[in-house]
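Structure first, then comments.
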Amino acid sequence: MPEHRPAWVEVHLGALLHNLSHLRQHTSGTSVMAVVKANAYGHGLLEVGRFYERSGVEWLAVALMEEGVALRRAGIQIPILVLGGIAPWQIRWGLEHQLDLTVGSIEVLQAVEAAAGALGKTAAVHLKLDTGMERVGIRAEESGPLIEAALRSASVEVRGVYSHLACADDPEHPMTSWQIERFLQACQQWEHLGEPLPMRHLANSGGVLHFPESHLDCVRAGIMLYGILPDPQSRSPFPLQPALSLKAEVSFSKKIPSGASVSYGASWVAPEATHLATVPLGYGDGYRRGFSNQATILFREQAVPVRGRVCMDQFMIDTGSEKALLGETVTLIGAMGAERIRVEDLAQMSGTIPYEILTGLNERLPRIYLQDAL
């Protein structure tokens, strides 16, 4: 075992490759934009970005300018799109690092033109059309002036046009078909102007899984690449392999008597004598306080309960009649033997979504990259 903290994340690159390969088959060779925002959904921005570049992914997408700059500084050369809104002062930074920028209004277009002109560069942009999310982007039915202005600009190259699906995680939701229709109608403006269409991308993970008509020229896949379904309503037409495991080594173990209370607030009292083991991570690492007295973890290939409140840096588990050994490995997310703890189950238990569980695993936890699948 390499030297690192006795609590860590394992990322199985073989699982990422499995999911990517099935995605390509499912979308019939459509280009892939792998979303690596929020530290690649907790899997590690730089290592996962390098992996996707090695694996032939055509594009990467990030939310923040800083994420794109970090990828460039790590030597990644494939195109990178910054999806999020950007401050005017950040535009120069993005252009200097050859990042594609999102433009969703005339005001942003003008700011990009000004920065590009000052640098003597041509800015690569993707126009963001709002088809119902009402978050970022010009409303699709009002997009004509923006599209025409961008196409006529001497300092801007329109490399893409896109929108975001609000409800595609649910295969039965009627809003998605309406959004696809609005997007395609807006894209007809290129034909009206006598200009070739840029790359159209619309499908997020839900769109990839449930709405083939949204695949278009490129799919913008996020959480499904990491082997996780985006919503309990989601269904995958191919097997996904979770790529992330969370593990730790037992840091303390003892037997407690009947009636002993455990952790802050004495929220759990032992009904009989039992063995406790202390696990050295907590909500300060992203293992949520809401798991207190609810979650289970895997110990010797069996699920055992969390007892008492999860602390900032540690928590306790009940190992029953078996005393845990100092340094013994337990699994908080992932598989041990025939048992598995899924991110989706932890999310449902704590009233949130898998995205929040994954992205909450912060930089205090070292990442170890393995070539295999889980």
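In what follows, residues are counted from 1 in the order of the sequence shown. Treat the numbers as computed from the prediction; the structure is a model and nothing was measured.
- The CG atom of L244 lies 8.0 Å from the NE2 atom of H12; values are rounded to the nearest 0.5 Å.
- Within the cation-pi definition used here (under 6.0 Å to the ring centroid, within 45° of the axis), R5 does not qualify as a partner of W8.
- Put simply, the side chain of E356 never gets that close to the backbone of I353: no donor and acceptor are under 3.5 Å apart.
- A donor-acceptor pair shorter than 3.5 Å cannot be found between the side chains of Q179 and S163.
- Between H18 and H22, the ring centre distance stays below 6.0 Å.
- K37 NZ: 12 or fewer foreign heavy atoms inside a 6.0 Å radius.
- Hydrophobic clustering, defined by side-chain heavy atoms of Ile, Leu, Val, Met, Phe, Trp and Tyr closer than 4.5 Å, leaves V136 isolated from every other such residue.
- Applying the side chain to side chain contact (heavy atoms under 4.5 Å, CB included) test to S21 and every residue at least two apart in sequence or in another chain returns L17.
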Problem set entry | Stepwise side chain to side chain donor-acceptor pair (under 3.5 Å) check, E67 with N39 | CA-CA 8 Å; E67 295 170 326; N39 202 27; over 6 Å; no

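- Between W59 and H126, a ring centre-to-centre spacing shorter than 6.0 Å is recorded.
- S292 places a side-chain N or O within 3.5 Å of a backbone atom of V310 that can act as its donor or acceptor partner.
- The existence of a salt bridge linking E195 and R152 is confirmed by a sub-4.0 Å separation between a basic side-chain nitrogen and an acidic carboxylate oxygen.
- The CG atom of L129 sits 5.5 Å away from atom CD1 of I147, with the distance rounded to the nearest 0.5 Å.
- Using a cutoff of 4.0 Å between basic side-chain nitrogens and carboxylate oxygens, R50 and E47 are scored as salt-bridged.
- One finds the CD atom of Q294 at 11.0 Å from the CZ atom of R288 (value rounded to the nearest 0.5 Å).
- A distance of 11.5 Å separates OH in Y369 from CZ in F51, rounded to the nearest 0.5 Å.
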Exercise. Please walk me through it: do T319 and L276 pass side chain to side chain contact (heavy atoms under 4.5 Å, CB included)?
Worked result: CA-CA 6 Å; T319 61; L276 290 186; over 6 Å; no

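- A salt bridge is absent between R220 and E58; no separation between the charged side-chain nitrogens and carboxylate oxygens falls under 4.0 Å.
- Between Y287 and Y283, the distance separating the two ring centers is not shorter than 6.0 angstrom.
- When each of H210, H26, H201 is tested with H215 by the rule ring-ring contact (aromatic ring centres under 6.0 Å, His included), just one qualifies, namely H26.
- Remark: E10 does not engage R367 in a salt bridge, criterion side-chain N to carboxylate O under 4.0 Å.
- Side chains of E249 and T329: no donor on one and acceptor on the other come within 3.5 Å.
- Counting only N and O atoms by type, the side chains of S234 and D169 include no donor and acceptor under 3.5 Å apart.
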